[in-house]
Amino acid sequence: MVAITLPDGSVRSYPGPVTGLDVAKDIGPGLAKAALAIRVNGEMKDLTTTLTTDTQLAIVTAKDGADALELLRHDAAHVMAEAVKELYPETQVTIGPSIENGFYYDFARPTPFTPDDLEKIEARMQEIVARDEQIVREEWDRDDAVKFFLDQGEKYKAEIISSIPAGQTISLYRQGAFIDLCRGPHLPSTAKLGKAFKLMKLAGAYWRGDSKNEMLQRIYGTAWFDKKDLDGYLTMLEEAEKRDHRRLGREMDLFHQQEEAVGSVFWHQKGWQLYRTVESYMRRRLDAENYQEVKTPQLVDFSLWEASGHADKFSESMFTIKTQDERHLAVKPMNCPCHVQIFRQGIKSYRDLPLRMAEFGSCHRYEPSGALHGIMRVRAFTQDDAHIFCTEDQITSETIAFCHLLTTVYKDFGFEDVRVKFSDRPAKRAGSDETWDKAESALLEAAKAAGLETTLNPGEGAFYGPKLEFVLRDAIGRDWQCGTLQVDFVLPERLDANYTAEDGSKKRPVMLHRAVLGSFERFLGILIENYAGRFPLWLAPAQVTVATIVSDANSYAEEVVSALKAAGIRAEADLRNEKINYKVREHSLAKVPVMLVVGKREAEERTVAIRRLGSQSQEIVALDQAVATLVREATPPA
RNA sequence: GCUGCCGUAGCUCAGUCGGUAGAGCAUACCCUUGGUAAGGGUAAGGUCGAUGGUUCGAUUCCAUUCGGCAGCACCA
């Protein structure tokens with residue numbers, strides 16, 4: 001007897017072994033048709049898995065969200081590989097996982113795929129779906145599988161299988177003439193893939209993710225259970241494109257970039273206004289948290305970077321200068337060694353700790369050309385950087401305070417959803433294992449005390465210490481890593497920072513490296529995309545446009561602008577000889593949050609017609625009242 | 001940096017199977033004073049990314065190079 005317990009708690013008994021499909025059929029023909037896979041004691045398995053003992057069983061259908069989508073996308077990858085092998089038999093297959101929103105497959109092939117090939121492959125995939133090939137799991141001996149794939153000329157597959165311990169049984173999945181190494185599970189047949197998939201783009205990708213290896217050709221696709229979801233996803237991509245900060249930067253006259261200064265930003269008046277608004281906000285917040293702001297040199301002798309250890313790891317990505325008098329300088333790529341120099345001036349006491357040293361530090365890094373992306377990834381940027389010199393005992397309280405600062409800052413910029421990653425020691429690092437043990441446990445403990453839930457990001461710490469990384473989610477569901485907090489026992493040692501303890505002895509401070517926004521350039525790019533350029537009033541570079549209907553209202557309009565400016569509002573007049581429709585359209589497209597329209601009536605009655613961006617309606621109010629309302633709304637968060 | 005794609009007016013794009021280019025929007029000027037997302041007219045605007053080669057002739061073909069885009073790798 002085999003007793004199967006279903007999610008609703010009901011139990012079905014069978015005289016002997018049954019498959020998931022049998023159970024589904026037993027429950028009902030509709031379910032049998034919809035069934036894609038099963039979950040056995042929590043683990044996803046093929047629908048045709050034979051159950052020989054009593055189990056908890058759930059039948060997975062398209063309604064099962066993420067699990068079901070992952071199955072679907074994984075199958076899409078297999079179907080794509082099958083299509084590619086049919087069309088281009090000389091191609092070798094490698095790996096093809098499901099990913100967020102879709103899937104990819106990496107192929108090895110001497111001639112690159114073209115966009116035309118993509119269409120052909122997609123058409124062939126549709127055929128394979130129509131063929132409704134059964135997807136069958138087979139178990140093979142490892143060595144037989146290696147031999148099998150080598151015979152087929154699939155050296156990558158053979159290599160993957162070779163790295164599985166010898167003697168182990170491995171699973172292969174067969175669909176039609178196509179057979180692939182795969183852990184599974186899979187859908188029962190290719191027809192289940194349906195039609196809601198689309199090949200998206202071609203790209204290069206290194207074999208096993210290592211840039212020393214040869215480059216394979218990756219084809220990305222997206223797959224969904226129905227057309228509506230696919231269309232929804234494609235619409236989201238269009239929306240993301242409309243919000244692209246590079247596009248809005250141009251359209252809204254915020255900034256530009258050009259060849260003569262690759263990786264740098266030319267901030268126009270409006271963009272710089274936005275930048276300054278964010279900067280002054282941050283400065284107020286830091287002042288309130290008792291940070292001291294400093295400014296350190298741009299050009300620093302290379303020896304300091306050797307002493308700090310940065311030269312070892314990052315000399316390739318530093319801008320360096322040989323001066324006329326033969327000195328070797330580096331344009332600073334970061335601020336920490338300079339902050340240690342300030343700390344080292346004079347004698348520091350335990351009474352000075354924690355010492356929170358902040359700088360809006362302008363840094364330059366020679367980023368690889370392929371990494372550059374608008375203002376999000378540049379070679380010249382400004383960090384909202386700070387280093388907290390403290391004792392080990394103070395790590396927890398400083399972490400708590402920082403986490404509070406960070407979450408409230410994010411909230412003020414409209415980001416409520418923040419996740420935290422904990423990155424531990426990387427392979428290439430400075431400092432002893434004991435030091436790392438200490439730093440990692442101190443940081444984890446502090447994070448816990450701050451009430452943070454962290455996920456582990458193994459081996460991704462900085463070379464001098466572990467870090468917390470703060471990831472925020474924007475208005476259209478994209479994640480951005482911005483803030484960071486790093487515990488560092490290494491740099492104070494290397495750069496000989498110390499303080500006098502209560503007992504008169506000399507001690508090393510701990511350094512906490514921390515940033516909330518990360519870099520201004522990147523954060524402003526994120527803000528632009530998050531708000532799609534429609535900033536809340538306090539952030540909007542141009543807050544109010546006063547537009548006239550007739551030229552008789554010109555002098556009144558100028559008076560209105562003066563009143564607004566006197567009250568600290570960023571306002572401009574539009575007195576052009578254009579119709580009001582035209583002006584409304586233009587300033588709406590420019591995403592100015594508030595338009596005050598004035599005609600003969602308003603001028604006579606000393607009122608304004610308030611028209612807010614995105615609203616069709618207007619409100620006529622007295623000028624004084626309008627100014628007061630706008631001042632209130634435009635006041636930045638504390 | 002690697003792979004692939006791309007580079008024509010301020011923007012979005014068309015075009016030249018090799019004979020130095022065109023549209024819409026934007027701009028300037030003129031007319032229009034119009035009540036909430038494009039009023040009308042006229043004009044100006046381009047060494048077709050750069051360099052070299054092939055050719056009688058290159059924006060078009062080839063090579064190199066610079067830059068951009070997508071992904072990979074990188075991200076102190």
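Proteins get letters first, then strands, A, B, ... in listed order; numbering begins at 1 in each. What you are looking at is a predicted structure, and each value in this text was computed from that prediction instead of being measured.
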* With both distances under 3.5 Å as the test, what is the Watson-Crick or G-U wobble partner of B:G7? -> B:C66
* Has the side chain of A:R250 got a donor or acceptor atom sitting under 3.5 Å from an opposite partner on the base of B:C11? -> no
* Looking only at N and O atoms, is any donor in the side chain of A:Y206 or the base of B:G1 less than 3.5 Å from an acceptor on the other one? -> yes
* Asked: When the nearest nucleotide of RNA chain B is assigned to A:G461 and to A:Q258 on a heavy-atom basis, which residue is associated with the more 5' position?
  -> A:Q258
* To do: Check whether any side-chain N or O of A:S551 sits under 4.0 Å from OP1 or OP2 of B:U33, and answer yes or no.
  => no
* OP1, OP2 of B:G4 versus side-chain N and O of A:R218: anything below 4.0 Å? -> no
* Asked: Can a donor-acceptor pair under 3.5 Å be found between the side-chain atoms of A:S317 and the base atoms of B:A76?
  -> yes
* Looking at every strand, decide which applies to A:G209 at a 4.0 Å heavy-atom threshold: base, sugar-phosphate, or nothing. => sugar-phosphate
* Structure fact -> The residue among A:L527, A:D384, A:V265 that forms side chain to side chain contact (heavy atoms under 4.5 Å, CB included) with A:F520 is A:D384
* **Base of B:A76 and ring of A:F314 stacked, centres under 5.5 Å, planes under 30°** => yes
* To do: Respond yes when some side-chain nitrogen or oxygen of A:K467 is under 4.0 Å from OP1 or OP2 of B:A76, and no when none is.
  => yes
* Identify which nucleotide among B:G71, B:C74, B:G39 has an atom closest to any side-chain atom of A:A371, counting heavy atoms from C-beta outward. => B:C74
* Asked: Do A:S303 and A:D301 have a side chain donor and acceptor closer than 3.5 Å?
  -> yes
* **Below 4.0 Å: OP1/OP2 of B:C72 and any side-chain N or O of A:Y220** => yes
* Asked: Is the Lys NZ or Arg CZ of A:R473 less than 6.0 Å from the centre of A:F415's six-membered ring, within 45° of the axis?
  -> no
* Donor-acceptor pair under 3.5 Å: do we get one between A:R377's side chain and the base of B:C74? -> yes
Compile the donor-acceptor pairs under 3.5 Å between side chains in residues 329-336 of chain A and protein atoms, sequence neighbours left out, one pair per line.
{"residue": "A:K332", "atom": "NZ", "partner": "A:T296", "partner atom": "O", "Å": "3.3"}
{"residue": "A:K332", "atom": "NZ", "partner": "A:T296", "partner atom": "OG1", "Å": "2.8"}
{"residue": "A:K332", "atom": "NZ", "partner": "A:N335", "partner atom": "OD1", "Å": "3.0"}
{"residue": "A:K332", "atom": "NZ", "partner": "A:E359", "partner atom": "OE2", "Å": "2.8"}
{"residue": "A:N335", "atom": "ND2", "partner": "A:Q383", "partner atom": "OE1", "Å": "3.1"}
{"residue": "A:N335", "atom": "ND2", "partner": "A:D385", "partner atom": "OD2", "Å": "2.8"}

Contacts table for residues 310-320 of chain A: side-chain donor-acceptor under 3.5 angstrom, sequence neighbours left out:
{"residue": "A:H310", "atom": "ND1", "partner": "A:S308", "partner atom": "OG", "Å": "2.6"}
{"residue": "A:S315", "atom": "OG", "partner": "A:A311", "partner atom": "O", "Å": "3.3"}
{"residue": "A:S317", "atom": "OG", "partner": "A:F314", "partner atom": "O", "Å": "3.2"}

* Which nucleotide sits closest to the side chain of A:M215: B:U3, B:G4, B:G39? -> B:U3
* Asked: What does A:R379 touch in the nucleic acid at a heavy-atom separation under 4.0 angstrom: a base, only the sugar-phosphate, or nothing?
  -> nothing
* Do A:Y88 and A:F107 have ring centres separated by under 6.0 Å? -> no
At a cut-off of 3.5 Å, list every protein nitrogen or oxygen paired with a nitrogen or oxygen from nucleotides 35-37 of chain B, distance to 0.1 Å.
{"residue": "B:G35", "atom": "O6", "partner": "A:R601", "partner atom": "N", "Å": "3.2"}
{"residue": "B:G35", "atom": "N1", "partner": "A:E602", "partner atom": "OE1", "Å": "2.8"}
{"residue": "B:G35", "atom": "N1", "partner": "A:E602", "partner atom": "OE2", "Å": "3.2"}
{"residue": "B:G35", "atom": "N2", "partner": "A:E602", "partner atom": "OE2", "Å": "2.6"}
{"residue": "B:U36", "atom": "O2'", "partner": "A:R611", "partner atom": "NE", "Å": "3.3"}
{"residue": "B:U36", "atom": "O2'", "partner": "A:R611", "partner atom": "NH2", "Å": "3.3"}
{"residue": "B:U36", "atom": "O2", "partner": "A:R611", "partner atom": "NE", "Å": "2.8"}
{"residue": "B:A37", "atom": "OP2", "partner": "A:R611", "partner atom": "NH2", "Å": "3.1"}
{"residue": "B:A37", "atom": "OP2", "partner": "A:Q616", "partner atom": "OE1", "Å": "3.4"}
{"residue": "B:A37", "atom": "O4'", "partner": "A:R585", "partner atom": "N", "Å": "3.3"}

* Pair A:H513 + A:Y464: ring centers closer than 6.0 Å -> yes
* **Upstream residue (5' side of RNA chain B) when A:D210 and A:V262 are each assigned their closest nucleotide** => A:V262
* **Same-atom distance (C1') from B:G10 to B:A26, integer angstrom** => 7 Å
* Remember a base hit wins even if backbone is also touched, and classify A:Y464 as base, sugar-phosphate or nothing at under 4.0 Å, heavy atoms. => sugar-phosphate
* Checking all strands, does A:H513 fall into the base, sugar-phosphate, or nothing category for heavy-atom contacts under 4.0 angstrom? -> nothing
